[in-house]
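First up is the structure itself, then whatever we jot down about it.
Just the heavy atoms: all of them, side chains too, but no hydrogens, waters or symmetry mates, feed the values below. In the text below, chain A, chain B and the rest are named by the order of the sequence lines, each starting its count at 1. Quantities reported herein were computed from a predicted structural model and do not represent experimental measurements.
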Amino acid sequence: MTNKIWAYIDQFKGEALPSSWETIGAGLTLAESLGGGVTAVVFGENIKGVAEEAFQYGADEVIVADDPTLGDYRAEAYTTLLAKLAADSAPDVILFPTTTRGREVSGMAAVDLNTGVLVDVTALEVVDGVVVATRPIYAGKLLAKVQCSAKPQLITLRGRAFAKPVEDATRSGTPITVPAALTEDEISVKVVDYATVSGGVSLADAAVIVSGGRGVSNNPKLTPPGDLDEAGQEIWKAQQGFKLVGDLAAALGGAVGASRAAVDAGYIPYSNQVGQTGKVVAPDMYVACGISGAIQHLAGMRTSKMIVAINKDPDAPIFKLARFGVVGDLFEILPPLVEAMKARLGK
Amino acid sequence: MNIVVCVKQVPDSAAQLSVEGGQISWGEAPLVINPWDEYAVEAALQKAKDLGGSVTVLSMGKESETEALKHALAMGCNEAVLVSDPALAGSDNVAAARVLAAAIAKVDDVGLVFFGKQAIDSDTGTLPAQVARVLGWPALTLVSAIDELNADGIKVERAIEEGRQVVQSGLPAVVSVIKDYGEPRYPSFMGIRKAARATIPVWALGELGIEAPSPVVAWPEVMAPPQREIATEIITGGSPAEIAATLADKIMAEKVL
Ligand SMILES: Cc1cc2nc3c(=O)[nH]c(=O)nc-3n(C[C@H](O)[C@H](O)[C@H](O)COP(=O)(O)OP(=O)(O)OC[C@H]3O[C@@H](n4cnc5c(N)ncnc54)[C@H](O)[C@@H]3O)c2cc1C
Ligand SMILES: Cc1cc2nc3c(=O)[nH]c(=O)nc-3n(C[C@H](O)[C@H](O)[C@H](O)COP(=O)(O)OP(=O)(O)OC[C@H]3O[C@@H](n4cnc5c(N)ncnc54)[C@H](O)[C@@H]3O)c2cc1C
């Protein structure tokens with residue numbers, strides 16, 4: 001374990017989260033300035049496949065802890081092990097994806113290792129041998145340059161801010177296996193149950209996001225079933241609107257997002273909310289349907305590569321950020337747009 | 001069993017931010033309780049009612065930063081404490097976690113500590129887990145519901161990338177809550193009056209019995225994001241189908257897909 005740069009691979013039930021591989025790519029770029037190679041670190045149970053993939057994505061070395069106590073992620077067990085390995089081998093930098101687990105383990109390991117963590121970083125540079133990171137603050141309204149004077153420097157990388165390395169199926173290696181650091185009795189948290197949400201692309205990893213706002217319920221031409229009360233009718237209408245939003249997302253292989261107004265009105269779960277108090281996303285294309293573009297919504301999607309807005313109101317602030325806009329009714333524009341995109345993408 | 005809830009004072013979420021002379025400026029925007037922390041206060045008040053304990057709201061900040069504490073008092077918290085010391089300026093997260101942990105340890109018989117998910121100004125979201133680590137207590141983060149809570153332990157639902165995870169642990173424990181927990185209550189008229197009159201005790205490092213932890217993270221530069229030149233093109237003309245076809249062609253021509 002001689003490499004000074006480590007990449008923490010976040011996995012769930014034997015599958016790496018896509019943003020994990022970006023840590024290897026960013027690590028290899030840092031290694032060009034700092035020297036050495038990149039060591040990937042994978043914890044879990046039955047994760048041989050993840051270790052093999054780590055080599056294919058460019059890791060020079062892979063440390064694996066494969067143990068039943070690590071099957072369910074528990075912050076204590078993962079942190080204690082990572083801090084122990086880092087204390088023994090003294091890496092200079094450990095890169096994590098900014099996933100829920102990556103954030104937590106990096107923060108807690110910073111306590112154990114008496115160092116600091118630079119969180120949700122979008123760019124890295126090496127200045128006179130020191131790693132300087134750029135991170136958005138105030139939901140991206142400003143940027144800060146941050147650095148950590150202690151070692152290891154723990155850094156979490158924002159998903160999709162760094163390129164994913166090209167997978168090379170011919171690369172392989174033998175992982176270094178290490179034991180778990182805690183026994184089951186020593187871990188105070190027990191996982192009782194999971195309810196995984198099936199299918200769909202997650203907002204964080206999506207290359208395309210199609211979002212709906214309060215406007216998705218605004219179609220006077222629809223007649224809801226008669227047995228619904230007023231609130232029920234509005235939600236029923238919103239569901240018809242979100243079906244169109246979902247159709248476009250599906251045609252583009254993307255995920256569905258929403259404004260807070262849509263979430264608060266009960267049209268769609270909070271996990272879909274984009275914005276300052278929802279998820280901050282930066283897809284290649286963001287399509288806003290029936291969203292006015294309040295500052296808190298813009299904070300969550302303004303760095304998207306290309307924004308398309310469909311809104312009835314020509315003065316809606318969302319148009320200021322949009323590359324393309326349609327002033328019109330989403331219920332009229334979306335159905336032919338779904339077909340037109342499908343045709344052009346050969347679907 | 002008593003409850004502590006940690007809150008931060010931040011500029012309002014609608015603030016226009018700028019950098020003036022290297023310093024962050026939010027203009028005339030009001031300073032408010034971090035919006036995520038309102039959910040934490042709500043959870044703390046509900047659970048204290050169930051368990052019959054008191055709620056202490058805790059904030060670390062400058063001596064003038066009492067707005068978030070007053071809001072939490074007005075919502076119904078029993079006590080408020082401000083941790084403030086000139087030596088704490090420039091604290092990074094690990095330093096802040098050590099200080100908050102020391103303050104929590106000073107409160108009697110704490111069974112649960114609530115946090116918001118993330119502060120909307122510096123946006124790190126790591127403090128709750130770090131405070132738990134310093135205290136050596138379980139970290140139950142991103143909690144959407146508390147299914148069970150009694151003297152022996154707690155069972156919660158967490159929102160993770162893959163969906164929902166149900167976990168349990170013993171007490172004391174640290175919990176960060178998300179919006180799914182439920183709408184926070186509005187401060188009552190009586191609550192607002194009580195909060196306005198309250199004198200909030202200030203604990204300096206001496207009272208906590210710790211030295212100032214030395215921060216290792218620095219933020220030497222803040223800047224406005226690069227201005228993006230966006231030439232907006234409004235697609236007009238023809239039927240919805242014609243507009244959709246033109247838009248689809250233009251999207252393809254941008255080659256981002
Ligand atoms: C502390 C705080 C945090 C917040 N966090 C967030 C956040 O994280 N995310 C977020 O999104 N908001 C957030 N908000 C709320 C934000 O201020 C706005 O209220 C919200 O974004 C508005 O959502 P909207 O654009 O869907 O609704 P509206 O502003 O009501 O806009 C609806 C739009 O739909 C258009 N429309 C109506 N019918 C149609 C139709 N048939 N076809 C096409 N267009 C149509 C209208 O012209 C209008 O522009 C926050 C607010 C606060 C105070
Ligand atoms: C520009 C800039 C960049 C920074 N970058 C980093 C960095 O990368 N790494 C780093 O270690 N530090 C960083 N800091 C320092 C960081 O802001 C402080 O450590 C802060 O005290 C905690 O971080 P947060 O506000 O992001 O908390 P979060 O972890 O986002 O807050 C989570 C919850 O903790 C509670 N909480 C937060 N602050 C307080 C408080 N003061 N009192 C009571 N409860 C609180 C609230 O319940 C909140 O919802 C930065 C500061 C600035 C100004």
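Proximity to chain A (any heavy atom under 4.5 Å) is shown, for B/Met223, by both the backbone and the side chain. Contacts of A/Val105 with chain B are absent, with no heavy-atom separation under 4.5 Å from either backbone or side chain. Contacts of B/Leu140 with chain A are made by side-chain atoms alone, with heavy-atom separations under 4.5 Å and no backbone atom involved. B/Gln130 touches chain A through backbone and side chain together, each having a heavy atom under 4.5 Å away. For A/Ala207, no part sits under 4.5 Å from any heavy atom of chain B, backbone or side chain. Both the backbone and the side chain of A/Val146 come within contact range of chain B, judged by heavy atoms closer than 4.5 Å. Using a 4.5 Å cut-off between heavy atoms, A/Ile295 touches chain B through its side chain atoms alone. Heavy-atom distances place both the backbone and the side chain of A/Leu321 under 4.5 Å from chain B. Proximity to chain B involves both the backbone and the side chain of A/Gln147, based on heavy atoms less than 4.5 angstrom apart.
With contacts defined as side-chain heavy-atom distances shorter than 4.5 Å, the pair B/Ile104/B/Trp137 qualifies. For the pair A/Gln153/A/Lys151, a side-chain contact is recorded, criterion being any heavy-atom separation below 4.5 Å from C-beta on.
Close approach to chain A, defined as a heavy atom under 4.5 Å from one of its heavy atoms, is seen in B/Ser13, B/Ala14, B/Ala15, B/Gln16, B/Leu17, B/Ser18, B/Val19, B/Ile24 of residues 12-25 of chain B, taken by number.
Every side chain to side chain donor-acceptor pair (under 3.5 Å) that B/Lys8 has, sequence neighbours left out, goes to B/Asp121, B/Ser122.
Among A/Lys305, A/Arg74, A/Glu104, the residue with the largest count of heavy-atom pairs under 4.5 Å with chain B is A/Glu104. The candidate with the highest count of non-hydrogen atom pairs below 4.5 Å against chain B, out of A/Leu17, A/Val132, A/Ile333, A/Thr277, is A/Thr277.
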